[in-house]
Amino acid sequence: AAQIVAAIAAIELGPGRQDYENKAPGDLGYFGDSFKNSDPEEFRKDQLRELKNGRLAMIGIMGMMVQEGLTGQSVWEQIGSGNINPFS
């Protein structure tokens, strides 16, 4: 665990350091520019799609947490035992 924290700290304090004076949070400049859409309208749509995808993922994880709380089994235990419906 200490190695993971050290690696994240090295990235955050080195090449991933944010310049809050001149850039928006998360704007790393050169990183990922080749994947960005050159059309501003399409880029805006891509950003919205990514935001919605992240929100849906958070809802999915919350559903897994609720199901785990209701059944008292982890997700893998539920799949292994065939109990994939928390209400049955």
Side-chain angles (χ1 to χ4, degrees):
Q3 292 173 336
I4 294 171
V5 172
I8 292 171
I11 292 170
E12 290 291 329
L13 298 174
R17 186 177 200 110
Q18 287 287 306
D19 179 12
Y20 292 110
E21 304 279 324
N22 302 316
K23 293 182 181 178
D27 182 11
L28 298 178
Y30 61 88
F31 184 76
D33 283 343
S34 59
F35 299 108
K36 292 180 183 174
N37 204 319
S38 58
D39 180 25
E41 182 62 25
E42 285 298 316
F43 179 66
R44 188 189 67 73
K45 287 180 183 178
D46 288 343
Q47 284 183 317
L48 182 61
R49 285 185 196 117
E50 188 66 28
L51 182 65
K52 288 181 177 182
N53 184 30
R55 289 176 177 164
L56 185 60
M58 287 187 278
I59 291 171
I61 292 296
M62 282 299 298
M64 289 172 59
M65 291 170 60
V66 168
Q67 186 171 357
E68 196 170 315
L70 289 173
T71 63
Q73 295 177 314
S74 73
V75 174
W76 303 116
E77 291 171 339
Q78 292 175 42
I79 292 171
S81 68
N83 180 19
I84 57 173
N85 183 358
F87 303 108
S88 63

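Counting from 1, the numbers follow the sequence of the chain as shown.
Contacts of Glu42 classified as salt bridge (Lys or Arg N to Asp or Glu O under 4.0 Å), with partners at least two apart in sequence or in another chain: Lys45. For Glu50, there are no salt bridge (Lys or Arg N to Asp or Glu O under 4.0 Å) partners, not counting sequence neighbours. Ile11 is linked by a side-chain contact (heavy atoms from CB on, under 4.5 Å) to nothing, counting only residues two or more places apart in sequence or in another chain.
Rounded to the nearest 0.5 angstrom, Lys52 NZ and Leu56 CG are separated by 11.0 Å. Expressed to the nearest 0.5 Å, how far CG of Asp39 lies from CG of Asp46 amounts to 9.5 Å. In this structure, CD in Gln3 is found 12.0 Å from CD1 in Ile8, a value given to the nearest 0.5 Å.
Remark: Ile4 CD1 is loosely packed, at most 12 non-hydrogen atoms of other residues, nucleotides or ligands lying under 6.0 Å away.
Considering all non-hydrogen atoms of both residues, Glu68 and Gln78 come closest at CA-NE2, 3.8 Å.
A 4.5 Å side-chain heavy-atom check between Arg55 and Leu51 finds at least one atom pair inside the cut-off. With contacts defined as side-chain heavy-atom distances shorter than 4.5 Å, the pair Ile61/Met64 qualifies.
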